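Here's the structure we're looking at; comments come further down.
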Amino acid sequence: MLGASSSSAGGRCAARRAPGGGGPCPGAVPGLARCPGRRSGGAAARRRAGTRAAAAAAGEQHVTVAVVGAGLAGLATAVGLHKLGVPVTVLERAPALRQEGSAVALWSNAWRALDALGVGQLRADNLPLQRVELVNSSGRLLRAFAFAECAAASTETRGVSRAALLAALAAELPAGCVQYNAQLAAISDDGKPQLRLADGRTLGCDVLVGADGARSIVASSHLGLPPPRYAGYTAYRGLARFPDGGLPLPPDTIRQVFGGGVRAGMYPVTPSEAYWFICFNADEQAAPPGDAAGRVAEALAAVEGWSWGIADAVRATPPESITRSGIRDRWTRGAVGRGGVTLVGDAAHPMTPNLGQGGDPAALAGALRAFEAARASRCLPLTLRSWAFGAALQLPFPLVQAARDAFLSRAFNPAHFLDHTDFDCGTLTAPAAADGGGPRPRAAADRMSAAPGALGCRLPACALTSRRAAGQRRCSAGAMSSAAAPAAAGAATAQWALVRNGETVPCDCNAKEWLSAAPRGAYTTARTVRGDLVFMLSSHVQRLATSANLMADADSRAADHLAADTPLFHSDALRPLVVGSMRAALQELKQRAPPGGETKLTVLLTWSGDGRPDLWCHAEPLPPRPKPPVKVLVRGAPRVNARAKDSEWVRQRGALEAGRPADVDEVVLAGAGGALSEGLTSNFFVVDADGAVVTANDGVLSGTVREVVLQACAERRVPVRLEAPRLADAARWGGAFVTSTSRLLLPVCELLYDGPDGRPAVKAFDGAHPVVALLEAEVAAKVLARSEPLE
């Protein structure tokens, strides 16, 4: 799986215009690339110029960075370097771009890398995957769960055709960047890597990146690394085509099937394509079938008698596109390169596919070794975990299979299933010159250090996104001051940011504490998606305007605005103000909080004594989802004027929150006759015995996620009753859940309430109700589609 983003080395920016580029020097990045005609100065630059001149005199081509291999890792590295303005040449032994017939599952960490590389548009053609089915070969469902149940819930998972991914990456490179029919024959290193190709050409470079796969020539011949070790099993892979639809599994589901010494899996890629694999124990020396028909026969024989659609997928795959390969890995520790040579992808850390992850010479070598050590600290544990996972699942013994099935069906907890995908590769924003002036060229070692993770991970030498060491605003006492915060001597450490009418103001508290101390007003709480989108932004703006208008009915100071030609409390007039405040708050928070993760945005609209409005935006890291078991407690009475999101409610609910037990995640309000209205910060739903979703409609604030749930019910034909669930009917409920911006859809495990006799009672929900699981997956699948850019 793609785990690489970009790397960097020194050099002169390409004179040709990059696709989509502009400006006086296409391809140049401030602080990183040197444009023709711009003086760079320095001994390192003179040495590089001398090297190139000597190479030219000897008839040898010289490039800044040479990447060997135009696979996923090689092209991703090249695209990252190109976008940083670093000249790069890719050497590919094949006569054209590879047309691989299988697919790859891309989790959140890979989509972050693709977005940084500018090819995130691929997601538009591929189905979002939201759940997993674990089954055995005899037809028994062992466990099914949604990704939302995982602690490191992947906000985005999709399968992508390898051929489509390679083509998208190659399209980001300038013409001639990839040289085909360029097979590496030998490498020498006399201070700088020197390459000899099979056709007799020679090539010198400042940096050599080996991306030539698990059987890398760069790794074995030049760096002396041992060959990858055979893991004991072989895999068939293919991309099945169902032109009339009719996929053999739900369109949002990854399915894994376990047998004895054989396992298989599949997932949809598009509405008419599904990727599949079959792993079976085999002797490494066993002769493979000699033709495509033989490969199909061997694959079908491995899953003979199985259900779950695996055999159907094999038969629906063009035989010539089915691949067969032995599974191998190498337990690589620490630095793998030497001098100006490094490795990426399978060349550096070949691993079994069980987790789906697939200048100055001395200074440059130091930067490369730092990159390799940082990469190894992530990849070696993944390699070992993947090997152990695969080895256990390939055991052919009946007792082991029975224990495996019992564990998966009864004890398996998916909470940490996606922990390995919780990784941020960084961005491709180049740091500005340290003196605050214009772009300044830097040595190759500096540029390698400043690049994000390559070649797949963030390098330790410096953060990619520059942070101000001095002059930063810092939160201080006084949550509601309009004065600008004083400059700080060091980097700010507060986890919050506050903006008033577009200007940063001091803040020393979280959103709840801030709202409790703020003037009364209309507010809404939003969240980011992928860092720069806002989930249901338009709905939040409309909610803010509606709430302000409802509150204005009782406030004459605001009523004057409603009579204006373009009233302030109109969503069209309010939107640019909200967007600007959110942008400013996000920018400020980026300078305060550690990178990564999503952001909670709380927008408050208030008006002062003279009727003039103030728009505030508070930003803080989005809190993690509560982990099971999720408990809710029935307490309190429904609020007045619930349709208005009034900040006064934050103060009023304080007593209920203070009295909430530590193990309770939400308090649900109850009206007359035990009618449950809503949570303190959420909407509340139950699933009745007939499979209908029941939720209050009157006297509640309809949250943004509630809208998505009701839409999903309509699309999936789940019956809905818009009425308050009553505690007297609790015995008939098969499931319950709450929805909110930060938690999305959260299944409830226990409902705590006072029974008819006044004694504490508990309604427990055993396991995930099918309707709850369906809606949870539906909500997760719609999050990205319902998110909007801040514009």
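Residue indices begin at 1 and follow the sequence shown. Remember, predicted model here, so these are calculated numbers, not experimental data.
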[X] side, atom [atom1]; [Y] side, atom [atom2] - distance, nearest 0.5 Å:
X      : Y      : atom1 : atom2 : result
Arg162 : Arg98  : CZ    : CZ    : 9.5 Å
Leu203 : His62  : CG    : NE2   : 8.5 Å
Ile322 : Trp276 : CD1   : CH2   : 4.5 Å
Thr64  : Leu81  : OG1   : CG    : 9.5 Å
Leu91  : Gln183 : CG    : CD    : 11.0 Å
Leu114 : Gln121 : CG    : CD    : 9.0 Å

Grab the two heavy atoms, one from [X] and one from [Y], that are nearest each other, plus how far apart they are.
X      : Y      : result
Val269 : Ser161 : CG1-N, 4.0 Å
Val79  : Leu117 : CG1-O, 3.6 Å
Gln179 : Thr89  : NE2-CG2, 3.5 Å
Val344 : Ala73  : CG2-CB, 4.0 Å
Leu239 : Ala103 : CD1-CB, 4.1 Å
Ala185 : Ala198 : CB-N, 3.9 Å

Please examine the side chains of [Y] and [X], heavy atoms only from C-beta on, and report whether any two atoms are closer than 4.5 Å.
X      : Y      : result
Arg229 : Asp329 : yes
Asn126 : Leu106 : no
Val209 : Val88  : no
Leu165 : Leu75  : no
Leu72  : Leu166 : yes

Under 3.5 Å, is there a donor-acceptor pair between the side chain of [X] and the main chain of [Y]?
X      : Y      : result
Glu92  : Ala70  : yes
Tyr267 : Leu129 : no
Arg237 : Ser102 : no
Trp111 : Gly120 : no

| Arg201: what forms a salt bridge (charged side-chain N to carboxylate O under 4.0 Å, His left out) with it, not counting sequence neighbours? | Asp199
With sequence neighbours excluded, what pairs up with [X] under the side-chain hydrogen bond (donor to acceptor under 3.5 Å, both in side chains) test?
X      : result
Glu273 : Thr270
Asp115 : Arg123, Arg530
Arg328 : Glu284
Tyr236 : Glu298, Arg324

| message | Applying side chain to side chain contact (heavy atoms under 4.5 Å, CB included) to Leu208 and Asp189, what does each step give before you reach the verdict? | response | CA-CA 10 Å; Leu208 171 62; Asp189 191 345; over 6 Å; no
| query | Please walk me through it: do Lys192 and Asp206 pass side chain to side chain contact (heavy atoms under 4.5 Å, CB included)? | reply | CA-CA 6 Å; Lys192 296 280 188 178; Asp206 295 328; 3.0 Å; yes
| said: Does Leu790 form a side chain to side chain contact (heavy atoms under 4.5 Å, CB included) with Leu586? I'd like the steps, not just the answer. | reply: CA-CA 11 Å; Leu790 286 171; Leu586 283 171; 3.6 Å; yes
If you look only at distance, which donor and acceptor atoms sit under 3.5 Å apart when one is on a side chain in residues 214-226 and the other is two or more places apart or in another chain?
{"unit_1": "Ser216", "atom_1": "OG", "unit_2": "Asp212", "atom_2": "OD1", "d": "2.5"}
{"unit_1": "Ser216", "atom_1": "OG", "unit_2": "Asp212", "atom_2": "OD2", "d": "3.2"}
{"unit_1": "Ser216", "atom_1": "OG", "unit_2": "Val218", "atom_2": "N", "d": "3.2"}
{"unit_1": "Ser216", "atom_1": "OG", "unit_2": "Ala219", "atom_2": "N", "d": "2.9"}
{"unit_1": "Ser220", "atom_1": "OG", "unit_2": "Ser216", "atom_2": "O", "d": "2.8"}

